[in-house]
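Written below as structure tokens is the structure these notes are about.
Because the structure is a prediction, the values reported are computed rather than measured. Chain identifiers are assigned alphabetically (A, B, ...) following the order of the sequence lines, protein sequences preceding nucleic acid strands; residue numbering begins at 1 within each chain.
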Number of protein chains: 2
Amino acid sequence: MRRPTMTDVAREVGVTAKTVSRVLNDDGPVAVETRERVMAAVRKLGYQPNLMARNMRVGARDAAIGLVIPEMGNPFFGTVAGGIESAVRARGLTLIVGSSSETPELEQSLIAAFLARRVSALMIVPSAASDHRHLRSERVAGLPIVFLDRPAVGLTADSVVSANRAGARSGVAHLISYGHRRIGFVGDVPAALYTRRERFQGYRDALEAAGLPFDRTLVDTGHDADAAAQATLRLLALPAPPTALFAGNNLAAMGAVVALAKSGRKEVALVGFDDLPLAEVLDPPLTVVAQDPEAIGVAAAERVLLRLDGDRSRARGTLVPTRLIVRGSGEQPPRG
Amino acid sequence: MRRPTMTDVAREVGVTAKTVSRVLNDDGPVAVETRERVMAAVRKLGYQPNLMARNMRVGARDAAIGLVIPEMGNPFFGTVAGGIESAVRARGLTLIVGSSSETPELEQSLIAAFLARRVSALMIVPSAASDHRHLRSERVAGLPIVFLDRPAVGLTADSVVSANRAGARSGVAHLISYGHRRIGFVGDVPAALYTRRERFQGYRDALEAAGLPFDRTLVDTGHDADAAAQATLRLLALPAPPTALFAGNNLAAMGAVVALAKSGRKEVALVGFDDLPLAEVLDPPLTVVAQDPEAIGVAAAERVLLRLDGDRSRARGTLVPTRLIVRGSGEQPPRG
DNA sequence: TTGTATGCGTTATCAC
DNA sequence: GTGATAACGCATACAA
């Protein structure tokens, strides 16, 4: 009933564990006949090597990379993970993923779980309000750590993030180029999260570059799609409502789309940050500043692989460019 | 530079490794003062317990559950994973997820990686054309294995799947109840995958129950949204085109939506299997047979926890009900 | 070509 | 309350 060990296989064949080890690891010479008998015994007993024991003996870390994402169901993070996985797989590394549910406590306990399993590297999409000072000793010990989507807090480390500020700026500039002067911002509380701060800054950058005033009343926020829809309705109900909206994230964009559709205000121009699956079949089709989650994952994986290869140069921040996808909703001129 | 071990901590305090172990595991008596000094040394040295060594010594399996999904970026599987994680977290288990990219080879190597790490249980969303005979010995050895979304092939094991056939039948019956007699099926090759076979069967069930003939020319397939759009256009171009369409999965539904919108044939009724994020803001809003991925994950997790608690009863197949969400596209009467 | 002795970091057992 | 010793499953170093 016990799971067979290398010794069990050895006994079955009538050799020593070391010989079995040699066969399994292609290490050192072994007679052809012995090899075959060992392999037969391995199959017969259903032997599975114990990676934990192996890694411990070799003193090596586990050939796995730990990835922490805030949310599994979010296709953005899922696609990031997919990009990482395909990039590290070629190197024989296994990606193991855990989700923090956007809470610092779970993030920390996940990181601890990965460290306890002696992963070869850590990749982290930080949750809001988390702090990474506790990882300093790991950094010093040479463990590769890369932060994705949002930079580390309290720690100097590699990071790979979207060009949030430049992207938002280009989206708002796009609206301005179509003649809009009153552009609303629908998003999430800017202060909480790095990406939101950056995108909000990009919004202000674009206004400033065009010589337009910043009007705080044109900024409203909501945590999810429903709340964003409410925020949109409030903006439209202003005495001097905006003629265009910029949505700071995909949930905000969904909320805005729903609100505009249900209130029959489809003439209001809209540009969203982050693409949506059905953006092109909406009425009007949604113009977005698209991120490239797969590219973020691949870039982060390449950085980790470099570090694993011994690159000890100083921490680097990588910006992954965004792309403006013109579909219709952002090219409607001001009305009313 | 070396990572500190329990012995390092012990030396720092002037005790034995066993004492440190006692402190860290709340195992056996230890003087209050000793405990405090140990904890201080742990913090000072940044000691992280080595789970590999611990598990090896204890002979226990890793307090982790291995989950194999076909695709990380797919929100359906992501949400399933989220459901599992929240359910197993309460038991102190860590969920580690890997993606097979829908290929049997990667699926097998991922499973091997999990087995080599001695996970406590295995949860698998099988990829197309994979076979699970090789897991028989693990089943016999008592390793809990649960299959999700699609049942195992060549292995008797627990499974948790959507009520695909009944769900598809209800969706098509819905269309029939609005007077449709020629209902097209847009999907993926039915034979390849369990879910597709089942949904196709549900389609045929509904026709038969209503006394409608099965017309093979009304069935067309496409692997992705673009191909499904092409399939939709082919169906609409038939001499006697369908007045309603049933889409066998969410990609097929997206393709059908795009094709209907772009060809100006919005009067054609449409019901999709599997919900879409923006279904309600489409024109017309999309009626769907929705699955409950979170419920699938939770149900599977509960089954695994039961098995871990020693339940040795025979393998059980759990059906998670679907839900018809009426939004408009499926309630349009036949025209032309 | 194969075997023996040893140790990885941890905990079980039993002694003090 | 604490320590000494052995053992988990495997690979390294060296011997045969």
Handout entry: Between dG9(C) (P) and Leu24(B) (CG): distance, integer Å
Key = 16 Å

Problem - Thr16(A) side-chain N/O to dG3(C) phosphate OP1/OP2 under 4.0 Å - result: yes

Handout entry: Cationic N near anionic O, under 4.0 Å, Asp26(B) to Arg35(B)
Key = yes

Fill in the blank from the handout: Arg61(A) atom CZ is separated from dC8(C) atom P, nearest whole Å, by 17 Å

Handout entry: Of Val20(B), Val23(B), Val9(B), the residue whose pairing with Val15(B) passes side-chain contact (heavy atoms from CB on, under 4.5 Å)
Key = Val20(B)

Practice task
Would you mind telling me which of Val97(A), Val68(A), Ile69(A), Ile124(A) makes a side-chain contact (heavy atoms from CB on, under 4.5 Å) with Leu110(A)?
Solution key: Val68(A)

Handout entry: d(CG, Asn25(A); P, dG9(D)) in whole Å
Key = 17 Å

Practice task
Measure the CG-CG distance between Leu193(A) and Asp149(A) for me, rounded to the nearest 0.5 Å.
Solution key: 8.0 Å

Problem - Asn50(B), nearest nucleotide to its side chain (from dT10(C), dT1(C), dT2(D)) - result: dT10(C)

Exercise for the section: Give a yes/no on whether any side-chain N or O of Thr5(A) is located under 4.0 angstrom from OP1 or OP2 of dC8(D). Expected result: no

Handout entry: Donor-acceptor side-chain pairing of Arg89(B) and Ser101(A) below 3.5 angstrom
Key = yes

Problem - Angle of first-five versus last-five pair axes in the helix from dT1(C)-dA16(D) to dC16(C)-dG1(D), to 10 degrees - result: 40°

Fill in the blank from the handout: Rounded to whole Å, CE of Met52(B) lies from P of dC8(D) at a distance of 19 Å

Exercise for the section: Quickly work out the Arg3(A) CZ to dC10(D) P distance and round it to whole Å. Expected result: 11 Å

Handout entry: Side-chain ion pair, Arg91(B) and Asp309(B), N-O less than 4.0 Å
Key = yes

Handout entry: Sugar-phosphate only, base, or nothing, as touched by Met6(A) at under 4.0 Å among non-hydrogen atoms
Key = sugar-phosphate

Exercise for the section: Consider only side-chain N and O atoms of Ser162(A) and Asn164(A), and report whether a donor and an acceptor are under 3.5 Å apart. Expected result: no

Handout entry: Separation of atom CZ in Arg11(B) from atom P in dG3(D), rounded to whole Å
Key = 14 Å

Practice task
Round to the nearest Å and state the distance from Asn55(A) atom CG to dG7(C) atom C1'.
Solution key: 16 Å

Exercise for the section: Remember a base hit wins even if backbone is also touched, and classify Thr19(A) as base, sugar-phosphate or nothing at under 4.0 Å, heavy atoms. Expected result: sugar-phosphate

Practice task
Return the value, rounded to whole Å, for the distance between atom CE of Met56(B) and atom C1' of dC10(D).
Solution key: 7 Å

Which pairs, protein N/O on one side and nucleotides 12-14 of chain C N/O on the other, fall under 3.5 Å?
| residue | atom | partner | partner atom | Å |
| --- | --- | --- | --- | --- |
| dA12(C) | O4' | Arg57(B) | NH2 | 3.4 |
| dA12(C) | N7 | Lys18(B) | NZ | 3.4 |

Problem - Donor-acceptor pair between Glu71(A) and Ser99(A) side chains, under 3.5 angstrom - result: no

Exercise for the section: Would you kindly say whether Glu107(A) and His132(A) are connected by a side-chain donor-acceptor distance under 3.5 Å? Expected result: yes

